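To keep things clear, I will list the structure first and then write my remarks on it.
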Amino acid sequence: MKLRRSMLFVPGANASMLSTVFIYKPDSIMFDLEDAVSLREKDSARLLVFHALQNPAYKDIETVVRINPLNTEYGLLDLEAAVRGGVDIVRLPKTDRPEDVHELEAHVERIEKECGREVGSTKLMAAVESASGVINAVAIATASKRMVGIALAGFDYVMDMQTERGDGTELFYARCAVLHAARYAGIDAFDVVYGDVNNEEGFLKEVDLIKKLGFNGKSLVNPRQIDLLHNAYAPTEEEVEHSKRVVAAAEQAERDGLGVVSLNGKMIDAPIVNHAIRVLQKAQASGVRK
């Protein structure tokens, strides 16, 4: 089971972070060549990320590169460096239409062929940051077989909606739209960054909300948020024990040739059994909540 709970942003121009950030063990590390890099540092950041991608320290961590939009002078240069450097996933910012994904995919396939990478080995992720992107979320999520995730980017979205970040009400429709698109497409869904790194209570409250909605994980800007997020997403001992009993009951019913599964006098249907299996898979992959 591939966990994508935490995707940690790392500024592409920050050489010291690029050389050490793997020690924090997020599920995915996202080298950012877009908003976190000033115009005068774009070229040097691209070179730093290219070399970081080939660092053996990152071989066991999923790597993501957020390129600049392809309609800028930096986007295609970023993409060339990312794919040739061996990135696992390319994150496309400001994805408004499925055609944006189609354009990205065509360039990626060309670069793979030119540099000898297996065609199809570079995966894609779309970041939805506008009303247009939210409305087209299903078309974006299903635009390519390379797609592994769709992410909601909160700041640009609320600006486009002429509002501001608040208690989450302003993101409710967008979160639901992105999440449903991801589930329809069979890919992962990522929630927005929580910017106040000193407010652990607020962060955990938002994590609890997006976990209940069904998001696979969250984009992060500070390593201190990783353990908090991972622990919140881990199943509790009680959930694990209950899931073990559910799965055991289902297996016993199958051995007995029964079409009905019962546990403690209550009927258990297939969705409950499947949920229990997922809980046990998460526990095996992430441990039990502290």
Side-chain angles (χ1 to χ4, degrees), residues 1-7 25-28 60-62 88-89 123-126 137-138 140-142 144-152 168 171-192 203-220 226-290:
M1 183 179 188
K2 174 58 185 172
L3 294 175
R4 291 193 176 99
R5 302 158 297 178
S6 56
M7 183 163 49
K25 296 184 175 11
D27 292 329
S28 304
D60 295 325
I61 300 178
E62 185 173 69
D88 295 316
I89 301 171
K123 304 306 179 184
L124 307 180
M125 178 186 302
V138 172
I140 290 169
T142 57
S144 169
K145 292 181 179 179
R146 295 176 183 258
M147 291 283 285
V148 297
I150 183 169
L152 179 62
L171 293 175
F172 184 74
Y173 176 78
R175 278 173 165 153
C176 291
V178 166
L179 181 60
H180 278 78
R183 292 296 164 265
Y184 177 76
I187 62 178
D188 290 341
F190 301 89
D191 189 48
V192 301
F203 174 72
L204 289 173
K205 182 178 180 181
E206 184 162 279
V207 169
D208 183 61
L209 170 65
I210 62 122
K211 180 186 174 185
K212 288 177 178 175
L213 285 174
F215 278 87
N216 297 87
K218 195 168 181 64
S219 301
L220 306 176
I226 295 172
D227 285 344
L228 293 172
L229 178 63
H230 287 185
N231 190 52
Y233 261 77
T236 64
E237 290 184 6
E238 182 180 2
E239 289 171 331
V240 170
E241 290 306 314
H242 176 72
S243 296
K244 287 180 179 178
R245 291 194 294 270
V246 168
V247 172
E251 291 174 346
Q252 186 61 51
E254 183 177 359
R255 286 193 294 269
D256 294 341
L258 301 176
V260 176
V261 182
S262 176
L263 178 65
N264 298 330
K266 296 181 179 180
M267 307 305 294
I268 300 173
D269 58 10
I272 293 176
V273 176
N274 290 335
H275 174 73
I277 293 172
R278 285 196 298 271
V279 168
L280 295 179
Q281 288 174 337
K282 286 181 180 179
Q284 184 175 12
S286 66
V288 178
R289 187 180 305 176
K290 300 174 185 176

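All values below were derived from every heavy atom in this structure, side-chain atoms included, with hydrogens, water molecules and symmetry-related copies excluded. If you're wondering where the values come from, they're calculated on a predicted model, not measured in any experiment.
Judged purely by atom type and a 3.5 angstrom limit, K218 uses its side chain to pair as donor or acceptor with the backbone of V192.
Closest approach of I140 to A126, counting heavy atoms only: CG2-CB, 3.6 Å. In this structure, G214 and R183 approach most closely via the heavy-atom pair O-NH2, 2.7 Å. Shown here for I187 and N216, the closest heavy-atom pair between the two residues is O-OD1, 4.4 Å. Taking all atoms of both residues into account, the shortest heavy-atom contact from I61 to P26 is CG2-O, 3.8 Å. In plain terms, the two heavy atoms of A185 and A141 that are nearest each other are CB-O, 3.5 Å. Contact detail for A234 and K211: the closest heavy-atom pair is O-NZ, 4.2 Å.
From L263, atom CG reaches atom CD1 of I268 across 4.0 Å, with rounding to the nearest 0.5 Å. We find the CZ-CG distance between F190 and L152 to be 12.5 Å, quoted to the nearest 0.5 Å. Between the OG1 atom in T236 and the CG atom in N231 there is a gap of 11.0 Å [rounded to 0.5 Å]. Atoms CD1 and NZ, from I210 and K205 in turn, are 14.5 Å apart once rounded to the nearest 0.5 Å.
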Begin from the C-alpha positions of H275 and V246 and carry the test side-chain contact (heavy atoms from CB on, under 4.5 Å) through to its verdict. CA-CA 10 Å; H275 174 73; V246 168; over 6 Å; no
In sequence, state the C-alpha distance, the side-chain angles, and the governing distance for L124 and I89, and then conclude on side-chain contact (heavy atoms from CB on, under 4.5 Å). CA-CA 5 Å; L124 307 180; I89 301 171; 5.7 Å; no
Step by step, work out the side-chain contact (heavy atoms from CB on, under 4.5 Å) result for D88 and K123. CA-CA 6 Å; D88 295 316; K123 304 306 179 184; over 6 Å; no
side-chain contact (heavy atoms from CB on, under 4.5 Å) between V207 and Y233: does it pass, once the steps are laid out? CA-CA 8 Å; V207 169; Y233 261 77; 3.9 Å; yes
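Side-chain contact between F172 and L209: absent, with no pair of heavy atoms (C-beta onward) separated by less than 4.5 Å. Residues L229 and I226 are not in side-chain contact: their nearest non-hydrogen atoms beyond the backbone lie 4.5 Å or more apart. In this structure, M125 and D188 have side chains that are not in contact, with every pair of non-hydrogen atoms separated by 4.5 Å or more. Within the 4.5 Å cutoff, side-chain heavy atoms of R4 are placed close to those of V148.
Few gaps surround CD on Q252; more than 12 heavy atoms of other groups in view lie less than 6.0 Å from it. At most 12 heavy atoms of other shown residues, nucleotides or ligands fall within 6.0 angstrom of atom NZ in K25.
Residues that satisfy the side chain to side chain contact (heavy atoms under 4.5 Å, CB included) test with D27, not counting sequence neighbours, are L3, R5, S6, H230.
By the 4.0 Å N-to-carboxylate-O rule, R175 lies close enough to D191 to be salt-bridged with it.
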